[in-house]
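Chain naming here is simple, since letters A, B, ... match the order of the sequence lines and numbering starts at 1 in each.
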There are 2 protein chains.
Amino acid sequence: MKIEEEIKQKQFKSEYHKAMVNIIFTYNWLIKNQVEVLEPYGITLQQFNILRILRGQYPKPSTIKLIKERMLDRMSDCSRIVEKLRAKKLVERHLCVKDRRNVDVLITKKGLALLKKLDKIFEKSDKNLIALSDKELKTFNKLLDKLRRKNLKIKNRDYLNTADRLNNSTHKRQLNHKHLYNFF
Amino acid sequence: MKIEEEIKQKQFKSEYHKAMVNIIFTYNWLIKNQVEVLEPYGITLQQFNILRILRGQYPKPSTIKLIKERMLDRMSDCSRIVEKLRAKKLVERHLCVKDRRNVDVLITKKGLALLKKLDKIFEKSDKNLIALSDKELKTFNKLLDKLRRKNLKIKNRDYLNTADRLNNSTHKRQLNHKHLYNFF
DNA sequence: CGTAAATATATGTTATAACAGTATAAGTTA
DNA sequence: TAACTTATACTGTTATAACATATATTTACG
């Protein structure tokens, strides 16, 4: 549906402006779908994404640090999310003997089985979700990549570890917008 | 920058999958910029958007209901955000005499002045942000509109008022993803 | 070796998103 | 007009995002 109808706005002041709204609207539309699919299975989007990261490493365990990096996000709550997954018996945690600062996180059989089930669900729901042909998808991806040519002053990567974070204290709590997930 | 480099992933299993990640990544990239621009001015993105909605109606006042609708979101915290704006003297609140259930919210001179300043800032920062030509923007918007052809089972609009919300209690707290803003 | 620096994770704190529920006013109908 | 329904806004609650700090371990360096 055209974005103008979706949000009941007669017209935008420019194609540029329309593109901004369109990205935001489409993002919400997309996330909403994912969340609704996950809801009956009792896990959140964040938990789901961590499970997929763990599967990506399986049978190798992942440290909290590795998970954080894959989430491409500051994700200070990573420890706590992993703890919730552990409470559901979807992951195991072991102290790493080589470097006792690390915690090895491993997805369990139960976790793998859940992902397998969800794969099928998503395959079905996703197939009809993004309604573009393969050729259109390519154009679309190219445009998105080009769109972001200009780098932001503060890059995501600057915040990947505590040290960097502490060196930059110019900003206060304002970033209420965390959904930088890594799908794979 | 290509999305593969941005998130250090060698390749995606499909263009479809890449598009999903790309939308999410681009959204975060966009919001991050907005938030950083607003930060020095001491208002959040949500507050900023409500101010713009109020300016859109000015000199007419807006009810909380109207603001909620324009936000295109459940936005149960609307009252509280307006209260914060009032504390900063950016808006005024008056009891509506015609219908005493309503609260008339009006942007103040100070609020208008702040928006005017921010307009200039954003014009500068935005100009270089989305790096697409006008023709590319048109193609891009067309693709985004087409992308969403398939409607989600649960539409946003179903949640615009309390009555509708109460009639649908099939879901629990899961929707941690609110950034459906209305820019104008 | 001893001390400082760096690293990895866990925990504490505050604001707020996402609900649910309540209070008040207006509209509707018997 | 009373009784019921709907509409509008406000308030309460819980989980968590976005920090900041603390603790434990390893590495680096004099």
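Using a cut-off of 4.0 Å between Lys/Arg side-chain N and Asp/Glu carboxylate O, B:D119 and B:R55 are scored as salt-bridged. Under 4.0 Å is where a charged nitrogen must lie from a carboxylate oxygen, and between B:D77 and B:R80 at least one such pair does. In summary, A:K146 and B:E136 engage in a salt bridge, as defined by a charged side-chain N under 4.0 Å from a carboxylate O.
Closest to the side chain of A:R100, from the set D:dT25, C:dT9, D:dT11, is D:dT25. Considering only side-chain atoms of B:T63, the nucleotide from C:dA10, D:dA9, C:dA26 that sits closest is D:dA9. Side-chain proximity of B:D77 to C:dA10, C:dA17, D:dT26: nearest is C:dA17. Residue A:R93 has its side chain nearest to C:dA10 when only D:dT11, C:dA25, C:dA10 are considered. With distances taken from any side-chain atom of B:I81 to the nucleotides D:dT8, D:dT16, C:dA17, the minimum falls on C:dA17. Which of D:dA9, C:dT11, C:dA10 sits closest to the side chain of B:V103 comes down to D:dA9.
The phosphate of C:dT9 has OP1 or OP2 within less than 4.0 Å of a side-chain N or O from A:N102. Remark: A:K84 is not in phosphate contact with D:dA15, judged by side-chain N or O atoms under 4.0 Å from OP1 or OP2.
The separation between A:K65 atom NZ and C:dA8 atom P is 4 Å, rounded to whole Å. The interatomic distance linking B:E69 (CD) with D:dA7 (C1') rounds to 12 Å, in whole Å. As rounded to whole Å, 10 Å separates atom C1' of D:dA24 from atom CG of A:L95. Whole-Å rounding puts the B:L45 CG to C:dT16 P distance at 13 Å. Protein atom CG of A:D104 is 15 Å distant from nucleotide atom P of D:dT25, rounded to whole Å. Atom P of nucleotide C:dA25 and atom NZ of B:K98 are separated by 19 Å, given to the nearest angstrom. For B:Q47 and C:dA15, the CD to P distance is 13 Å, given to the nearest whole Å. In this entry the distance linking NZ of A:K68 with C1' of D:dA17 reads 13 Å, nearest Å.
Here the closest heavy-atom approach between residue B:S62 and residue B:Q57 is recorded as OG-CG, 3.2 Å.
Annotation: B:K138, atom NZ; neighbour count of heavy atoms from other residues, nucleotides and ligands within 6.0 Å does not exceed 12.
When each of A:R80 and A:V97 is assigned the nucleotide of DNA chain D with its nearest heavy atom, A:R80 is the one assigned upstream, toward the 5' end.
Remark: the B:R101 side chain and the C:dG27 base include no donor-acceptor N/O pair separated by less than 3.5 Å.
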